[in-house]
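Side-chain atoms are counted along with the backbone in the values below, which use heavy atoms only and exclude waters and symmetry mates.
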Amino acid sequence: MTDADGFWEEMGRPGPNAVDVRGVEIRRGSRVLLHPRAGGDILDDALAGRIAFVEGLDEDDEGQIHVSVTIEDDPGRDLGEARQPSHRFFFSLDEVVPLDDAPAVPGGKRVLVAGIGNIFLGDDGFGVEVARRLAARELPPGIEVGDFGIRGMDLAYSLQDGYDAAIFVDIAPRGEAPGTLSVIEPDTDDGDVVLDTHGMDPVKVLRLAKELGRAPKRTLIVACEPQTVVTGQHDEDLVGELSGPVLAAVDKAVTLVEELALDLARPTPDAEEGGDGNG
């Protein structure tokens, strides 16, 4: 391994799930008050005293932990959550002050719901539509919904943020009647990682997440039997709408995914009682 290889391996190492700051545990989703060190630049002055959400905990090559945040009242906060510069900022642990309601989900678990699919390939857009409708609902803190489309790399990297569980929503031809919903718990132990930056195979994404360093302890796939499966190899294959049976299954899937997410996010008895699970 070259020195350069070692550097990038260190930089790619996942940070901790949570850290203690001034006697309070913070993690992704925690609210903090920004308190940059004196003598900083004009950006530090502009952000001083602002409330922010923790988006990640990152470890540098010297083992120092840095907090990446998005600003609470930033209208472009979604860009920061997507890791875009100028909407995502980094501070050391001594430059943030935990607020009373941090972390956002005391004792609970963090769950990512990922809509998967291509909206231009007919029924393949099922997962994206479920995610869109679910995101419009008021969900408890700790349950996050994302439309990942066919961006497998983005999803694998998002899974590095310390989620306890994940639910992928996608189509899966299983020989059932069109519109039939199934809940699948995939096996990711076997098989090689195949990097495909323009595709989305849920099992391969989970294997890649493991290779990157972190994957949820539990992942479920809520799958819908498609009526039509198109490849998109020809322009006439492009269909921007779901078939009747699959469209009729969307609302049922939204309810099912929400119920599963609430169950996965529920604190364990040990967490509720303050135990460490070793007693």
Under 3.5 Å side-chain donor-acceptor pair for Arg174 and Thr180: no

Shortest non-hydrogen contact between Leu159 and Val205, atoms and distance: CD1-CG1, 4.3 Å

Spacing of CZ belonging to Arg218 relative to CG belonging to Leu260, to within rounding of 0.5 Å: 8.5 Å

Interatomic distance, His66 atom NE2 to Leu93 atom CG [nearest 0.5 angstrom]: 8.5 Å

Pair Arg50 + Asp74, salt bridge at N-O below 4.0 Å: no

Candidate pair Leu34 and Ile71, rule side chain to side chain contact (heavy atoms under 4.5 Å, CB included), full reasoning: CA-CA 9 Å; Leu34 301 180; Ile71 308 304; 3.7 Å; yes

Side-chain donor or acceptor of Glu95 paired with backbone N/O of Arg37 under 3.5 Å: yes

Polar contact flag, side-chain donor to acceptor under 3.5 angstrom, Tyr163-Arg28: yes

Pairwise distance CG(Leu181) to CD(Glu225) - rounded to 0.5 angstrom: 10.5 Å

salt_bridge(Glu258, Arg137) N-O dist < 4.0 Å: yes

Min side-chain heavy-atom separation Val183-Leu256 under 4.5 Å: yes

Pairwise side-chain contact, Pro226 with Asp124, heavy-atom cut-off 4.5 Å (strictly under): no

Student check: side-chain heavy atoms of Leu155 and Phe168 closer than 4.5 Å: yes

Flag side-chain contact, heavy atom, 4.5 Å: Leu139 against Leu134: yes

Reported CG-to-CD distance for the pair Asp251 and Glu129, which is rounded to 0.5 angstrom: 9.0 Å

Electrostatic pair Arg207-Glu211, nearest N-O below 4.0 angstrom: no

Carboxylate-amine/guanidinium proximity below 4.0 Å for Arg132 and Asp147: no

Separation between CD of Glu185 and CG of Leu220, rounded to the nearest 0.5 Å: 5.0 Å

Shortest non-hydrogen contact between Val128 and Gly149, atoms and distance: CG2-CA, 4.2 Å

Ile150 side chain reached by Phe120 side chain, heavy atoms, under 4.5 Å: no

Any Gln227 side-chain heavy atom under 4.5 Å of Leu242 side chain: no

Cluster check Val97, Phe53: I/L/V/M/F/W/Y, side chain < 4.5 angstrom: no

Heavy-atom side-chain proximity of Phe89 to Leu43 below 4.5 angstrom: yes

Closest heavy-atom pair and its distance - Pro186, Leu206: CG-CD1, 3.8 Å

Over all atoms of both residues, closest heavy-atom pair of Gly179 and Cys224: CA-SG, 3.8 Å

Student check: side-chain heavy atoms of Asp164 and Leu264 closer than 4.5 Å: no

His35 atom NE2: more than 12 heavy-atom contacts under 6.0 Å: no

Side chain to side chain contact (heavy atoms under 4.5 Å, CB included) between Val32 and Phe91, intermediate numbers included: CA-CA 11 Å; Val32 295; Phe91 293 90; over 6 Å; no

Flag, side chain of Asp170 to backbone of Gly127, donor-acceptor distance under 3.5 Å: no

Inter-residue atom distance Asn118.CG - Asp123.CG, 0.5 Å rounding: 12.0 Å

Minimal non-hydrogen separation, Ala209 against Gln160, with atom names: O-NE2, 3.1 Å

Closest non-hydrogen atom pair, Val145 against Ala131: CG1-O, 3.5 Å

same_hphob_cluster(Leu57, Phe90) at 4.5 Å side-chain heavy-atom cutoff: no

